[in-house]
Novice: 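Got a structure for you, written out below as structure tokens; questions coming shortly.
Since this is a predicted model, take the numbers as computed values, not measurements. The sequence lines fix the lettering, A, B, ..., with proteins before strands; numbering per chain opens at 1. Only this structure's heavy atoms are used, side chains among them; waters, hydrogens and symmetry mates stay out.
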Amino acid sequence: AQSVAQPEDQVNVAEGNPLTVKCTYSVSGNPYLFWYVQYPNRGLQFLLKYITGDNLVKGSYGFEAEFNKSQTSFHLKKPSALVSDSALYFCAGRTYKYIFGTGTRLKVLA
Amino acid sequence: DGGITQSPKYLFRKEGQNVTLSCEQNLNHDAMYWYRQDPGQGLRLIYYSQIVNDFQKGDIAEGYSVSREKKESFPLTVTSAQKNPTAFYLCASSIPGAGYTFGSGTRLTVV
């Protein structure tokens, strides 16, 4: 069965420190992978996507993600966290069907 | 600006009542989707439509109905058969190979 997993319900990081939000996938074929961010009572906003090519993908707001085929991972990263990055983050994968992870709440502490 | 508009932002439903959530997009996207979001459960697909006048059930379609008479519009009706409708409902659209564009959501509460 195809799946996308976000193993951490919550990640806490101090402002200015690097952050990582983890995602692993089990999707057949060549997956399209995505990251979205959701602020309270809002819809999801697209951050970045991987389709093919360079394993390091750069997206909005200084976020980037690294595709690792051997580890079937697509972790979201940012070199220096901001308090305003605090939100709910979703990883998603797509082949013939779109699959979302359960979300990771990122809390950046001032 | 192009985007997806969901209305209303908040909706209250009485027991036994049907309610309809609106979703309109001006992105010229063929595909549209309805998701339900509950705390700790991520997003679950209710219905989707790849083209006008066609739609398919998602993972949790029971108690819901949709129509797709126009490319721009994909309304969702929550029927009285849906026993636990309190949730945050998200509409999205996309083109092939791209990410989704989401609306701002409708929060439905049973009173």
Side-chain angles (χ1 to χ4, degrees), chain A residues 1-10 21-25 27 29-53 57-61 63 65 67 74 76 87-105, chain B residues 1-11 21-25 27 29-50 56-60 74 76 86-109:
Chain A
Q2 302 191 98
S3 64
V4 171
Q6 293 180 244
E8 301 155 316
D9 289 336
Q10 181 160 321
V21 182
K22 295 179 180 177
C23 173
T24 58
Y25 66 90
V27 178
N30 295 316
Y32 295 1
L33 297 166
F34 304 84
W35 275 102
Y36 294 85
V37 60
Q38 184 180 33
Y39 297 99
N41 293 311
R42 301 300 304 270
L44 280 66
Q45 295 177 35
F46 171 82
L47 277 179
L48 51 82
K49 69 178 178 183
Y50 171 84
I51 295 180
T52 187
V57 180
K58 293 190 183 297
S60 306
Y61 313 120
F63 283 94
F67 174 69
F74 188 58
L76 182 70
L88 187 57
Y89 290 81
F90 287 95
C91 182
R94 180 177 192 172
T95 50
Y96 69 92
K97 184 180 172 181
Y98 219 98
I99 304 167
F100 284 90
T102 52
T104 298
R105 189 163 300 281
Chain B
D1 283 335
I4 295 186
T5 301
Q6 287 187 243
S7 62
K9 192 171 177 66
Y10 298 96
L11 185 58
L21 284 60
S22 171
C23 178
E24 304 276 335
Q25 56 104 352
L27 299 164
H29 287 175
D30 284 317
M32 296 186 74
Y33 311 82
W34 274 105
Y35 285 89
R36 172 178 170 142
Q37 186 177 20
D38 295 281
Q41 294 195 44
L43 277 68
R44 292 185 289 169
L45 182 63
I46 305 172
Y47 268 99
Y48 64 101
S49 169
Q50 304 278 41
Q56 307 294 329
K57 292 182 179 180
D59 300 318
I60 56 162
F74 192 41
L76 173 74
T86 294
F88 191 51
Y89 290 86
L90 288 164
C91 180
S93 71
S94 74
I95 55 175
Y100 281 10
T101 300
F102 282 87
S104 295
T106 293
R107 187 165 297 282
L108 174 63
T109 304

Novice: A quick test of your reading: do over 12 heavy atoms of other residues, nucleotides or ligands sit less than 6.0 Å from NZ of B/Lys9?
Specialist: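 Atom NZ in B/Lys9 is crowded, with more than 12 foreign heavy atoms closer than 6.0 Å.
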Novice: Heavy-atom count around B/Arg44 CZ within 6.0 Å, excluding the residue itself: above 12?
Specialist: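 Count over threshold, so yes.
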Novice: How about A/Tyr98 and B/Tyr33: are their ring centroids closer than 6.0 Å?
Specialist: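 No: the rings miss the under 6.0 Å criterion.
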Novice: Could you pull out the closest heavy-atom pair between A/Phe46 and B/Tyr100, with the gap in Å?
Specialist: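 Shortest heavy-atom contact: CB-O, 4.2 Å.
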Novice: Check for a donor-acceptor pair, side chain of A/Arg94 on one end and backbone N or O of B/Ala98 on the other, with a separation under 3.5 Å.
Specialist: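 Indeed, once roles are kept as given, a pair shorter than 3.5 Å links the two residues.
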Novice: Mind ranking A/Gln38, A/Lys49, A/Arg105 by heavy-atom pairs under 4.5 Å with chain B and telling me who comes out on top?
Specialist: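 Winner by heavy-atom pair count: A/Gln38.
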Novice: Heavy atoms only: give me the nearest B/Phe88-A/Asn41 pair and the separation to one decimal.
Specialist: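 Distance-wise, the nearest heavy atoms are CZ-C, 3.9 Å.
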Novice: Need one label for B/Ser94: side chain, backbone, both or neither, based on atoms under 4.5 Å from any heavy atom in chain A.
Specialist: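 Contact with chain A is through the side chain of B/Ser94 alone.
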Novice: Heavy-atom distance under 4.5 Å to chain B: side chain of A/Gln45, backbone, both or neither?
Specialist: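 Neither; nothing under 4.5 Å.
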Novice: In terms of heavy-atom proximity below 4.5 Å to chain A, should B/Gln37 be classed as side chain, backbone, both, or neither?
Specialist: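 Contact with chain A involves the side chain of B/Gln37 alone.
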Novice: Given a strict heavy-atom distance threshold of 4.5 Å, which part of A/Ile51 is in contact with chain B: side chain, backbone, both, or neither?
Specialist: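 Side chain of A/Ile51 only, per the 4.5 Å heavy-atom cut-off to chain B.
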Novice: So which part of A/Tyr39 gets closer than 4.5 Å to some heavy atom of chain B, the side chain, the backbone, both or neither?
Specialist: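 For A/Tyr39, no heavy atom lies under 4.5 Å from chain B.
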Novice: Counting only heavy atoms not in A/Arg42, do more than 12 fall under 6.0 Å of its CZ?
Specialist: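 Count not over threshold, so no.
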Novice: Considering only heavy atoms and a distance below 4.5 Å, find which of B/Gly105, B/Gly99, B/Gly103 pairs most often with chain A.
Specialist: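 Option with the top pair count is B/Gly99.
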Novice: Which one of A/Asp9, A/Leu44, A/Thr102 has the most heavy-atom pairs closer than 4.5 Å to chain B?
Specialist: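 Top option by heavy-atom pairs under 4.5 Å: A/Leu44.
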Novice: Can you tell me how far apart CD1 (A/Ile99) and CG (B/Leu45) are? Round to the nearest 0.5 Å.
Specialist: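 Reported value, rounded in 0.5 Å steps: 11.0 Å.
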